[in-house]
Every structure is written in C-alpha cells, then in structure tokens.
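Report on the structure given below.
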Amino acid sequence: MVLNNVMIPGNDAVVSISISEGKIKQVSPSHTDDREQLTFVNAIAFPGLINSHDHLDFNLFPQLGNKTYESYTEWGKHIHRAYAVEIASVLKIPIALRERWGVYKNLLCGVTTVVNHGEKLP
C-alpha cells in the first residue's frame with residue numbers, strides 16, 4: 001500500500017509513504033509501482049495516538065455528573081441516583097455495538113492503539 005501526496009508535520013515536502021505488513025517501509029518524494037495506492041489532497045500523516053485506559057463498552061454514555069467530586073466512588077453513587085434513566089437506556093444497547101462504537105470513537109479521534117479495560121474483545 002502506498003499513501004501518495006501527504007505531508008508530515010515538521011516537513012513542508014509532500015511525500016509518499018510505502019506500507020507493508022502494517023509497517024512503514026519507505027518515505028519518499030514520490031512513488032510509483034503496481035501496488036495498491038491512495039492519493040490524497042491536503043492530507044497530513046502523523047503517528048496514531050495511544051489511549052492507555054479505556055472502557056470501550058462505556059463510550060456511548062453521555063457526560064454524567066454536574067459538580068466536582070471527592071472520588072470516583074462519590075461520582076458513581078451520584079450518577080446512579082441522578083442519571084438512572086440515561087444509564088438504563090445505554091445499557092439496553094447490545095454490548096458488542098457499544099464496544100464497536102468505542103472503537104470508532106477512538107479512531108475518529110486519531111487513536112490507533114487502545115488498552116481496553118473491559119472484557120477481552122474478539
């Protein structure tokens with residue numbers, strides 16, 4: 001796979017990035033061969049972010065809470081009292097779909113590696 005016509009932060013030159021087996025193999029001014037290629041317009045290539053702590057199955061919950069809490073246990077008790085309806089409505093969504101949403105949400109934010117602290121995903 002070759003990603004053509006991309007800029008790398010800190011470098012004003014437009015380059016092509018050759019990728020093989022999930023790793024960058026070459027960055028060059030231009031690249032032409034018979035491999036699969038994608039050509040971009042005004043694109044920037046940068047390393048993916050790492051999310052070192054997530055619960056992918058919790059990503060559909062809206063922001064819950066409305067004050068500063070002394071601890072996560074105080075926050076947890078409060079949201080289960082004040083937002084029981086919202087919590088119950090999210091928990092009705094199948095867990096596989098909630099996990100998938102968590103994956104998409106991370107990808108849309110530029111995260112390419114996630115340490116999930118929920119159940120192991122297939």
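Note that these values count all heavy atoms, side chains included, but never hydrogens, waters or copies made by symmetry.
Put simply, the side chain of Ile93 reaches to within 4.5 Å of the side chain of Leu60, judged on heavy atoms. Val27 places a side-chain heavy atom less than 4.5 Å from the side chain of Ile8. Val6 places none of its side-chain heavy atoms less than 4.5 Å from the side chain of Val14.
Applying the salt bridge (charged side-chain N to carboxylate O under 4.0 Å, His left out) test to pairs two or more places apart or on separate chains, those with a residue in residues 48-71 are Lys67-Glu74. For residues 78-101, the pairs satisfying side-chain hydrogen bond (donor to acceptor under 3.5 Å, both in side chains) are Tyr69-His78, with sequence neighbours left out. Listed by first then second residue, pairs satisfying ring pair (Phe, Tyr, Trp, His ring centres under 6.0 Å) with a partner in residues 103-122 read His53-His117, His55-His117, not counting sequence neighbours.
Separation of atoms OG (Ser20) and NZ (Lys25) is listed at 5.5 Å; rounding is to 0.5 Å. Remark: Ser16 OG to Gln37 CD distance equals 7.5 Å, nearest 0.5 Å. With rounding to the nearest 0.5 angstrom, the CE atom of Met7 is 5.0 Å from the CG atom of Asp12.
Grouping Ile, Leu, Val, Met, Phe, Trp and Tyr residues whose side-chain heavy atoms lie under 4.5 Å apart, directly or via other members, leaves Val115 alone, with no other cluster members. Hydrophobic clustering, defined by side-chain heavy atoms of Ile, Leu, Val, Met, Phe, Trp and Tyr closer than 4.5 Å, leaves Val41 isolated from every other such residue.
At a threshold of 4.5 Å between side-chain heavy atoms, the hydrophobic network of Ile, Leu, Val, Met, Phe, Trp and Tyr places Leu91 and Leu56 in two separate groups. One hydrophobic cluster holds both Met1 and Ile17 under the rule that ILVMFWY side chains link at heavy-atom gaps under 4.5 Å.
Here Thr39 pairs with Asn4, Asn5 under the side chain to side chain contact (heavy atoms under 4.5 Å, CB included) rule; sequence neighbours left out. Residues passing the side-chain hydrogen bond (donor to acceptor under 3.5 Å, both in side chains) test with Thr73, sequence neighbours excluded: Ser71. Under the rule for a side chain to side chain contact (heavy atoms under 4.5 Å, CB included), the partners of Val111 that lie at least two apart in sequence or sit in another chain are Leu49, Asn51, Asn106, Val114. For Ala96, there are no side chain to side chain contact (heavy atoms under 4.5 Å, CB included) partners at least two apart in sequence or on another chain. In terms of the side-chain hydrogen bond (donor to acceptor under 3.5 Å, both in side chains) criterion, Ser52 has no residue partners (sequence neighbours excluded). With sequence neighbours left out, the side chain to side chain contact (heavy atoms under 4.5 Å, CB included) criterion links Ile44 to Pro9, Phe46. With sequence neighbours excluded, no residue forms a side-chain hydrogen bond (donor to acceptor under 3.5 Å, both in side chains) with Asn116.
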Query - Working for side-chain contact (heavy atoms from CB on, under 4.5 Å), residues Asn42 and Phe40 - result: CA-CA 7 Å; Asn42 296 324; Phe40 296 90; over 6 Å; no

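Enclosure of atom NZ in Lys77 is not indicated, since only 12 or fewer non-hydrogen atoms of other residues, nucleotides or ligands lie within 6.0 angstrom.
Nearest heavy atoms, Trp75 versus Leu64: NE1-O, 2.9 Å.
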